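Shown next, in structure tokens, is the structure this report addresses.
We name chains A, B, ... by the order of the sequence lines, and we start the count at 1 in each one. None of the values given here were measured: they were computed from a predicted structure.
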Amino acid sequence: MKIATYNVNGINGRLQVLLRWLAEARPDIVCLQELKAPQERFPEAAIEDAGYRAIWHGQPRWNGVAILSRIGAPVETRRGLPGDPDDSHSRYIEAAVAGILVGGLYLPNGNPKPGPKFDYKLLWFERLVEHAADLIAADVPAILAGDYNVMPTEKDVYKPERWVDDALFAPEARAAYLRLLEQGWVDALRTIHPDAVIYTFWDYFRNAYARNAGLRIDHLLLSPALTDRLIDAQVDAHVRGWEKTSDHAPVWIELRDPIN
DNA sequence: ATGGCAGCGCTACGCTGA
């Protein structure tokens with residue numbers, strides 16, 4: 001089973017790129033971020049024509065997350081993280097698909113730092129850490145996939161010294177990510193490639209993709225009940241080179257079928 | 001160190017992103 005995450009940076013402006021990648025990669029489950037579309041403007045028909053059922057949480061202009069599946073309709077279990085009923089951002093959606101609990105997330109960017117946006121990032125991250133602990137406690141096969149807007153280590157940044165004051169590389173954000181790992185979540189891409197330099201995002205500026213000046217900020221974290229099934233994890237970096245493409249590339253994992 | 005690019009809503013340019 002192939003599970004992917006992809007920050008599309010505008011699902012309508014990016015629809016042809018998304019469909020092309022879906023046809024090429026044929027992931028079974030996909031978490032999408034940055035739909036940048038209100039709820040009623042999600043291109044459901046085109047997604048269904050491509051063979052996928054979808055649930056989504058839109059928002060005008062910004063944010064927005066979705067879960068796609070071509071192995072049965074996602075059964076929604078949650079929309080938005082617990083802990084702040086006044087949070088208006090569409091950044092978390094969760095569903096049961098094929099015996100796996102799939103959480104798709106778009107963690108706040110947090111820049112500029114310091115400031116209210118950075119405070120919001122850390123508060124949102126705290127809510128994610130708490131919810132992640134509940135999922136671990138439930139001992140279910142689960143995956144938390146999406147744009148975390150955090151480079152976990154210096155290896156995950158093309159030029160770490162340039163990012164020391166940035167919200168994406170802030171010690172507080174990296175510490176929060178580390179707490180997820182300490183709970184038992186496993187960074188799938190890093191597990192398959194312990195030492196490689198791997199990026200999932202390249203800035204539109206400064207010819208960043210051609211220079212491979214990238215960041216690794218899109219992650220798929222596996223609960224302990226899933227880690228034994230991990231057999232591969234890759235970035236479809238070539239998609240970043242397509243016309244009218246997102247600044248992120250799709251990231252995916254392959255899981256073997258459960259024993260029983 | 002800075003500004004560069006891109007999508008959206010809207011039809012001019014501000015906001016946001018990373």
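Counting non-hydrogen atoms under 4.0 angstrom, A:Lys121 reaches nothing in the nucleic acid. Backbone-only contact: A:Asn149 has heavy atoms under 4.0 Å from sugar-phosphate atoms and none from a base. Residue A:Asn7 is classed as a sugar-phosphate contact, given heavy-atom separations below 4.0 Å to backbone atoms only. Within the nucleic acid shown, A:Asn9 comes within 4.0 Å of sugar-phosphate atoms alone, with no base atom in reach, counting heavy atoms only. Using a 4.0 Å heavy-atom criterion, one finds that A:Pro112 contacts no nucleic acid atom at all. Across all strands shown, A:Tyr209 has no heavy atoms under 4.0 Å from either base or sugar-phosphate atoms. Within 4.0 Å (heavy atoms only), A:Asp218 reaches no atom of the nucleic acid at all.
Between the P atoms of B:dT2 and B:dC13, the separation comes to 26 Å (whole Å). One P atom belongs to B:dA1, the other to B:dT11, and the distance between them is 39 Å to the nearest Å.
Taking atom OH on A:Tyr148 and atom P on B:dA18, their separation rounds to 15 Å, with Å as the unit. The CD-C1' distance, from A:Glu34 to B:dA18, rounds to 9 Å in whole Å. Rounded to whole angstrom, the span from the CG atom of A:Asn207 across to the C1' atom of B:dC5 amounts to 12 Å. Here B:dA18 presents its C1' atom at 13 Å from NE2 of A:His219, a figure rounded to the nearest Å. In this structure, A:Phe118 atom CZ and B:dG17 atom P are separated by 14 Å, rounded to whole Å. The distance between atom CG of A:Leu15 and atom P of B:dG7, rounded to the nearest whole Å, is 13 Å. Distance, A:Arg61 CZ to B:dG14 P: 14 Å, rounded to whole Å. In this structure, A:Leu32 atom CG and B:dG7 atom C1' are separated by 16 Å, rounded to whole Å.
With A:His248 as the fixed residue, the side chain to side chain contact (heavy atoms under 4.5 Å, CB included) test singles out one of A:Ile217, A:Val8, A:Asn9: A:Ile217. Applying side chain to side chain donor-acceptor pair (under 3.5 Å) to A:Asn111 and the options A:Asn149, A:Asp165, A:Asp166 leaves one that passes, A:Asp166. When each of A:Phe201, A:Tyr148, A:Trp252 is tested with A:His219 by the rule ring pair (Phe, Tyr, Trp, His ring centres under 6.0 Å), just one qualifies, namely A:Tyr148.
Closest to the A:Phe205 side chain, of the nucleotides B:dC5, B:dC15, B:dG9, is B:dC5. Among B:dC15, B:dA18, B:dC8, the nucleotide with an atom closest to any side-chain atom of A:Trp62 is B:dC15. Proximity note for A:Asn111 (side chain, C-beta onward) versus B:dA18, B:dG9, B:dA6: the nearest is B:dA18. The side chain of A:Asn12 approaches B:dC8 more closely than any other nucleotide in the set B:dG7, B:dA18, B:dC8. The side chain of A:Leu168 lies closest to B:dA18, out of B:dA18, B:dA1, B:dC5. Of the candidate nucleotides B:dC8, B:dA18, B:dC15, B:dA18 has the atom lying nearest to any side-chain atom of A:His248. Comparing B:dG9, B:dG7, B:dA1 by their nearest atom to the side chain of A:Arg41 picks out B:dG9.
Not one side-chain nitrogen or oxygen of A:Lys36 sits closer than 4.0 Å to the OP1 or OP2 atom of B:dG17.
Checked by distance alone, A:Asn109 brings a side-chain donor or acceptor within 3.5 Å of a matching partner on the base of B:dA18.
Between A:Lys2 and A:Asp28 there is no salt bridge, since none of the side-chain N atoms of the basic residue sits less than 4.0 Å from a carboxylate O of the acidic one. Taking 4.0 Å as the cut-off between side-chain N and carboxylate O, A:Glu126 and A:Lys121 do not count as a salt-bridged pair.
Nearest-nucleotide positions on DNA chain B place A:Pro60 closer to the 5' end than the other of A:Trp163 and A:Pro60. The residue among A:His89 and A:Arg162 whose nearest nucleotide of DNA chain B lies closer to the 5′ end is A:Arg162.
For A:Tyr199 and A:Asp156, the side-chain atoms include no donor-acceptor pair closer than 3.5 Å.
When hydrophobic clusters are built by joining Ile, Leu, Val, Met, Phe, Trp and Tyr residues whose side-chain heavy atoms come closer than 4.5 Å, directly or via intermediates, A:Ile93 is not grouped with A:Phe42.
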